[in-house]
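Keep in mind it's a predicted model, so treat the numbers as computed, not measured. Chain A is the first sequence line, chain B the second, and so forth, proteins listed ahead of strands; every chain is numbered from 1. Below, all heavy atoms of this structure are taken into account, side chains as well, without hydrogens, waters or symmetry copies.
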There are 2 protein chains.
Amino acid sequence: MEQLLNWEERLKNKGIRCTKQRIAILKILITSDTPISAQEIFSQLDDSNSKVRLSTVYRNLNQFVAEGIVRKLNFADQKNKFELVDDHHHHLVCLECDEVRPLECPLEQFDNQLSTKTGYKIIEHRIKFYGLCPKCQENKES
Amino acid sequence: MEQLLNWEERLKNKGIRCTKQRIAILKILITSDTPISAQEIFSQLDDSNSKVRLSTVYRNLNQFVAEGIVRKLNFADQKNKFELVDDHHHHLVCLECDEVRPLECPLEQFDNQLSTKTGYKIIEHRIKFYGLCPKCQENKES
DNA sequence: GTTACTGCAAACGGTTTGCACTGTC
DNA sequence: GACAGTGCAAACCGTTTGCAGTAAC
């Protein structure tokens with residue numbers, strides 16, 4: 001959990017106060033190895049007897065997104081999920097069990113080509129692969 | 001609008017009835033050269049004095065998606081948008097004016113590689129590029 | 001002490017649903 | 001004539017907001 005100090009640092013540098021609630025949310029984001037919804041964060045907070053309102057979770061997540069600390073991802077179901085911004089990567093999602101796996105970027109140089117071709121200034125790209133994970137393939141066969 | 005006949009055909013083949021409402025929705029989807037939200041379809045229907053309820057629009061869009069006739073796209077804002085499924089392509093979105101431009105796929109063979117590498121059965125992938133279109137870049141400078 | 005932040009409750013907006021009626025096949 | 005599809009109104013659920021009280025700096 002030494003990472004937490006880095007993130008607290010980042011908050012302070014941006015002039016954002018380090019409240020208990022924000023630290024608790026950051027902790028969960030750091031611990032989670034997959035994108036996580038506001039609701040999921042909320043229930044994990046509930047478990048750990050630190051009482052934080054759902055609206056607070058949303059407010060802070062949105063602020064983190066605005067500050068570029070957190071990325072908001074919209075998946076096929078209606079729920080948005082959030083992850084810490086550290087490296088550039090993409091996601092492979094199992095359509096059966098919703099497991100999300102990070103993937104390295106197969107389009108490293110492509111943005112420049114695209115920019116030349118279209119005249120757009122490319123700011124970011126997002127890729128999602130959808131499929132069936134090995135486990136769920138097995139389950140389907142049996 | 002000769003395309004419309006093809007789509008009607010596709011509905012019939014799937015045993016879906018060709019109601020006025022469905023035809024009207026299909027027409028709008030065919031005419032639109034960019035993904036379009038349920039609300040937008042609804043207002044266009046309203047203009048053309050064919051009265052269709054918003055819930056009917058949603059019900060039919062969902063059915064079309066289930067039948068593989070229409071693709072549902074989730075963009076960064078909360079609204080989902082829909083487009084007819086005809087070819088495989090991706091989207092380039094302007095963050096200022098929300099213009100959506102189709103793009104050919106830069107990852108034609110990648111799915112196979114990924115499948116070998118991860119053991120996943122890859123069913124589809126979606127890519128979105130976000131940036132500023134030439135017009136909006138100009139506007140920002142001035 | 002100031003002012004950003006939180007709790008709380010209520011609103012909001014996109015989407016879905018239940019039910020009686022209607023129109024397609 | 002049967003049954004899928006529609007209109008209508010109400011519910012649903014993720015998310016946002018207004019306001020008064022609280023805590024970080």
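Across the protein-nucleic acid pair, B/Ile23 atom CD1 and D/dT6 atom P stand 10 Å apart, rounded to whole Å. Rounded to whole Å, the distance from CG on A/Leu11 to P on C/dA4 is 16 Å. Separating the NZ atom of B/Lys14 from the C1' atom of D/dA4 is a distance of 17 Å, rounded to the nearest angstrom. Rounded to whole angstrom, the span from the CG atom of B/Leu54 across to the P atom of D/dC8 amounts to 13 Å. The nearest whole Å value for the distance from the CZ atom in A/Phe64 to the C1' atom in C/dC5 is 12 Å. Atom NZ of A/Lys72 and atom P of D/dG14 are 14 Å apart (whole Å). One interatomic measurement links the two molecules: CZ of A/Phe82 to C1' of D/dG14, which rounds to 10 Å at whole-angstrom precision. Atom C1' of nucleotide C/dG13 and atom CD of B/Glu40 are separated by 15 Å, given to the nearest angstrom.
Side-chain nitrogen and oxygen atoms of A/Gln21 include at least one within less than 4.0 Å of the OP1 or OP2 phosphate oxygen of C/dG7. The side chain of A/Arg53 places an N or O atom within less than 4.0 Å of a non-bridging phosphate oxygen (OP1 or OP2) of C/dC8. Contact annotation: B/Asn80 side-chain N/O to C/dG14 OP1/OP2 distance is not under 4.0 Å. For A/Thr19, no side-chain nitrogen or oxygen approaches OP1 or OP2 of C/dC5 to under 4.0 Å. Considering only side-chain N and O atoms, B/Asn62 lies under 4.0 angstrom from the phosphate OP1 or OP2 of C/dT16. When the side-chain nitrogen and oxygen atoms of B/Gln39 are compared with OP1 and OP2 of C/dG14, one or more of them lie within a distance under 4.0 Å.
Donor-acceptor pairing under 3.5 Å, judged by distance alone, is present between the side chain of A/Arg59 and the base of D/dG18.
At a cut-off of 3.5 Å, with distance as the only test, a side-chain donor of A/Tyr120 or B/Glu99 sits close to an acceptor on the other residue.
Only one option out of A/Arg126, A/Lys128, A/Arg101, A/Glu83 pairs with A/His91 in a side chain to side chain donor-acceptor pair (under 3.5 Å); it is A/Glu83.
Residue A/Ile69 holds its CD1 atom at 10.0 Å from CG of A/Leu29, rounded to the nearest 0.5 Å.
Note: B/Phe129 and A/Phe110 have tilted aromatic rings, judged against thresholds of 30 and 60 degrees for the angle between ring planes.
In this structure, of C/dC5, D/dT16, C/dT16, it is C/dC5 that holds the atom nearest to the side chain of A/Gln63.
Judged by closest nucleotide on DNA chain D, B/Gly15 is the one of B/Ser55 and B/Gly15 placed further toward the 5' end.
Note on A/Ile16: only backbone sugar-phosphate atoms sit closer than 4.0 angstrom, heavy atoms only; bases stay farther off.
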For a side-chain contact (heavy atoms from CB on, under 4.5 Å) check, start with the C-alpha distance between B/Arg71 and B/Val65, then their side-chain angles and the critical distance, and finish with the verdict.
CA-CA 6 Å; B/Arg71 220 184 334 254; B/Val65 170; over 6 Å; no

